[in-house]
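Working notes, beginning with the structure itself.
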Amino acid sequence: MRYLIFSAVIVFLSLVSSTARADEPFSSSAHGEALYLVMSTQTETLRRLDADAESQETAPRNWAVFRPAGSGVLDMTHTFTVTFSIAGKHVASWYVNTGEGTVELLPVAAEPEPAK
């Protein structure tokens with residue numbers, strides 16, 4: 001009984017705290033913010049690209065977020081490329097500027113560069 005009451009309190013507090021945070025701006029890592037911008041602004045494009053998302057299809061969906069150039073080349077603090085792939089096939093890429101809050105669909109899926 002004590003566990004049930006404790007669980008109910010935890011669920012209630014998590015619901016209240018998530019509701020309180022709903023009006024706050026998203027804050028995470030810079031890469032997380034870039035992914036959030038794509039997911040929150042490109043919903044129609046994502047529905048079109050991933051028509052089977054609501055079915056019971058089990059192909060893996062992968063997201064990659066990377067800076068298009070390394071430090072010292074240009075100021076890339078706020079610029080990212082976000083890539084979406086289904087079953088290992090790149091479906092779409094976006095150029096994201098988190099400083100300006102802009103998202104631009106790229107014509108060809110960009111491959112992330114391997115980490116060094």
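Quick note: residue numbers are just sequence positions, from 1.
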I need the minimum non-hydrogen distance between [X] and [Y], along with the two atoms involved.
| X | Y | result |
| --- | --- | --- |
| Val38 | Leu46 | O-CD1, 4.3 Å |
| Val96 | Val82 | CG2-CG2, 3.8 Å |
| Leu49 | Ile86 | O-CD1, 4.0 Å |
| Ala59 | Glu57 | CB-OE2, 2.6 Å |
| His90 | Thr83 | ND1-CG2, 2.9 Å |
| Ala34 | Val65 | CB-CG1, 4.1 Å |

Original post:
With no hydrogens and no angle check, is any side-chain donor or acceptor of Ser85 less than 3.5 Å from a backbone partner on Gly88?
Top reply: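 Not a single qualifying donor-acceptor pair exists.
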Original post:
Have Thr81 and Ser93 got a donor and an acceptor in their side chains that come within less than 3.5 Å?
Top reply: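 Thr81 vs Ser93: no donor-acceptor pair found between side chains.
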**OP:** Indicate whether any N or O donor in one side chain lies under 3.5 Å from an N or O acceptor in the other, for Trp94 and Gln42.
**Re:**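 Side chains of Trp94 and Gln42: pair found under 3.5 Å.
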**OP:** Under the side-chain contact (heavy atoms from CB on, under 4.5 Å) rule, what do His31 and Phe66 come out as? Steps first, then yes or no, please.
**Re:** CA-CA 7 Å; His31 291 76; Phe66 57 98; 5.6 Å; no
Rounded to the nearest 0.5 Å, what separates atom [atom1] in [X] from atom [atom2] in [Y]?
| X | Y | atom1 | atom2 | value |
| --- | --- | --- | --- | --- |
| Thr98 | Tyr36 | OG1 | OH | 13.5 Å |
| Thr41 | Glu104 | OG1 | CD | 11.5 Å |
| Arg61 | Thr58 | CZ | OG1 | 8.5 Å |
| Thr102 | Asn97 | OG1 | CG | 4.5 Å |

**OP:** Please tell me if the side chains of Leu35 and Phe80 come closer than 4.5 Å, counting only heavy atoms from C-beta onward.
**Re:**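 They are not in side-chain contact.
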**OP:** Would you mind reporting whether Phe84 and Asp50 have side-chain heavy atoms less than 4.5 Å apart?
**Re:**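 Touching, per the 4.5 Å side-chain cut-off.
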